[in-house]
Number of protein chains: 2
Amino acid sequence: MSTRRATISDVAREAGVSPSTASVVFSGKTPTSADVRSRVLAAAQALGYTGPDPRAASLRRGRSGIVGVVFDQHLGTAFLDPVTTHMMDGLADGVSRLGAALLLLRDDGVTVSEPSLHTAPIDAAVLIGCSPRMRESLEIVRGRGIPVVVVEGDAGEGIPRVLLDNVEAQRTAARHVAALGHRDVVLVTLPIDTSRHRGWIADDARIRVDVTADRLAGARDVFPHAPAMAAATSSIDEGAIAGRAIFADPGRRPTAVIAQSDLLAAGVIRAAEEAGLRVPEDVSVTGFDGVVVDGLAPHVLTTLVQPATAKGRAAGEAVAAMLEDAAPSSLDLSCTFREGTTTAAPPST
Amino acid sequence: MSTRRATISDVAREAGVSPSTASVVFSGKTPTSADVRSRVLAAAQALGYTGPDPRAASLRRGRSGIVGVVFDQHLGTAFLDPVTTHMMDGLADGVSRLGAALLLLRDDGVTVSEPSLHTAPIDAAVLIGCSPRMRESLEIVRGRGIPVVVVEGDAGEGIPRVLLDNVEAQRTAARHVAALGHRDVVLVTLPIDTSRHRGWIADDARIRVDVTADRLAGARDVFPHAPAMAAATSSIDEGAIAGRAIFADPGRRPTAVIAQSDLLAAGVIRAAEEAGLRVPEDVSVTGFDGVVVDGLAPHVLTTLVQPATAKGRAAGEAVAAMLEDAAPSSLDLSCTFREGTTTAAPPST
DNA sequence: TTGTAAGCGTTATCAG
DNA sequence: CTGATAACGCTTACAA
């Protein structure tokens, strides 16, 4: 038991080779003779050396093999949404060709302790969403000269992004609702800014989250005057809160609700049922995302299925490309409309 | 635009101080005069220096400020369970005093690319659960001399763990069911091994996942001969699959089902209702975890409420303690029994 | 309070 | 295929 951990030099000495040779045995960057290799490996074993110190290697190489994933909210909250988790899976896949791991970073604005966005040893960063806070994160990361990819947000010139056809897709759903004959429609949106206030959105409100703005624009293309209520986050509970407000007054109930996420839609459906309304007979509801919402059965949500995993994978691949000095390519992904059992013609009055 | 990024030495030179002084200005480890500080900061600004290179700093310090969180399944699957999500939040909290970020590591056994458990620059690791695969991960990490904390699994001597009183808690629920008069009980368990097979568990089956084994033991203390069916994962859908199998034969229906998670219980309830059974009048169901199950209303599950966030925080704090050379303390957390509306006396036959 | 000096453990380069 | 050499960029005793 030596007091200090063995280094590659110790191993080299023990094996009777030079440190560089030992290094090469571990990295495999250069062919080595079987004899040398086995001697080095044996020496390593004998000394309890388990491989190069990643910190030293990353300093020397200038790469840490870590990609930061930046969220602008509590991790718990972010992961509550299945879209996020699928995306993370895709991301893990996408960067795996690069052999990188994912570092969870939360930019809460008031990061007191390290490592934050300022100091984390990351080779690249993926920003999720594009709220105002994210724009700050972007500045920080770019200031450090670290390649960035933005998912679902426009970060401006030269920054590759992975986008969904949110406007287009939401317009499709709205058209479907309109085609069924609905005229009295209410929209339930994702948060409109970092403060995550819920409530009716004023006509002159500034919507600072791109996804929200885009989906809203798509719906308003078809229903220009539909009132819209913002939720505080994408969850069933928030959807239910919005739904209760919407269905509160029996005299002024819409015949359809267009929600900006499946979770919100599920909540709206629950609120409708609480209010004694049947879906879709009395009220139609559409979602967005196409995730499996636990507990929604027997309903099948009419929704836009987004390629969440592909989104993550694309972001991961864009990161990989940037780190390999390849042209960082942006990607536009499309959602697929899926008609479920939650939309129908409005009740004939 | 210099061709190379500025280093702290460049900044020091520009500011007319020594590198060590500049270093100290950034780290704040030693008081510096206002004059020096402002000169250094100005120089940094001028050179576009955004702070010490974390790779170099971590080599020098011997710390990366990163804690690895090791999962043995797809991240998406892991995060589907609210318990995991809450735990991650607690974990983030727990390590924050240390100022560490979390590195997501998936040990899928066939990790071809780096950095894996073998090479990630982590100061410590938290293993979630304790399946056979996890035991391998444990070996790897220990081999590297990295401190480990295991959550919900017994890793043997000297490895701090954060445990739940699974046996005890599940026994409490079983006793409650027994006290209500049930004799004909079926158990629905979490996965019993890495292969995640679903189906009836044979008497001689080896259960290789600690949580599953413990909760099963607790239930069997009260109902030694109750048949048990394993689910493939903890989800409502899996619970429903198990439930359908259990309620398939009208002639052989149990009067109570003890499920090892709330999600499974919710699925069982759904299956029961599909089969025309009322809960709790015709069949009682208990869960485990005490999470909010979306879509279960109006039922309130009879369950064991586990302190998921506390579990994560405790793990984080244990890690922090180990890194500060304090005594790594294990912690046993307790679940609280909560009686809901899903259990009642069996139907009088 | 500031400077000097000595590594931290690797790996890229290039010569043999 | 192997070895010598020179960084990689920073921090921290310790001395002034």
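Everything quoted here is computed from the prediction, not taken from an experiment. We use all heavy atoms of the structure for the numbers below, so side chains are in, but hydrogens, waters and symmetry mates are not.
Bounding nucleotides for the chain B contact on DNA chain D, 5' to 3', at a heavy-atom distance below 4.0 Å, are dG9(D) to dT12(D).
Atom CZ of Arg142(A) has 12 or fewer heavy atoms from other residues, nucleotides or ligands within 6.0 Å.
For Arg161(A) and Glu152(A), the salt-bridge test fails: no basic side-chain N is under 4.0 Å from an acidic carboxylate O. The pair Arg135(B)-Asp210(B) meets the salt-bridge criterion, with a side-chain N (NZ, NE, NH1 or NH2) lying under 4.0 Å from an Asp/Glu carboxylate O.
Looking at residues 38-47 of chain B, you'll see that no heavy atom sits under 4.0 Å from any atom of DNA chain D.
Sorted by first and then second residue, the salt bridge (charged side-chain N to carboxylate O under 4.0 Å, His left out) pairs involving residues 13-37 of chain A (not counting sequence neighbours) are Asp10(A)-Arg13(A), Asp35(A)-Arg39(A). Pairs engaging residues 119-139 of chain B under the ring-ring contact (aromatic ring centres under 6.0 Å, His included) rule: none recorded [sequence neighbours left out].
Here the options are Val69(A), Leu104(A), Leu91(A), Leu103(A), the test is side chain to side chain contact (heavy atoms under 4.5 Å, CB included), and the partner is Leu104(B); only Leu104(A) passes.
Heavy atoms of Thr30(B) sit under 4.0 angstrom from at least one base atom.
Put simply, the side chain of Asp93(B) never gets that close to the backbone of Arg313(B): no donor and acceptor are under 3.5 Å apart. Looking at Ser9(A), its side chain never comes within 3.5 Å of a backbone N or O of Pro19(A) through a donor-acceptor pair.
Between the OG1 atom of Thr85(B) and the CZ atom of Phe79(A) there is a distance of 8.0 Å, given to the nearest 0.5 Å.
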| remark: The contact string for nucleotides 4-14 of chain C, one letter per nucleotide 5' to 3', using protein heavy atoms under 4.0 Å with B, S and - for base, sugar-phosphate only and none, comes out as B-BBBBBBB--
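Looking at residues two or more places apart in sequence or on another chain, you find a side chain to side chain contact (heavy atoms under 4.5 Å, CB included) between Ile140(A) and Leu117(A), His118(A).
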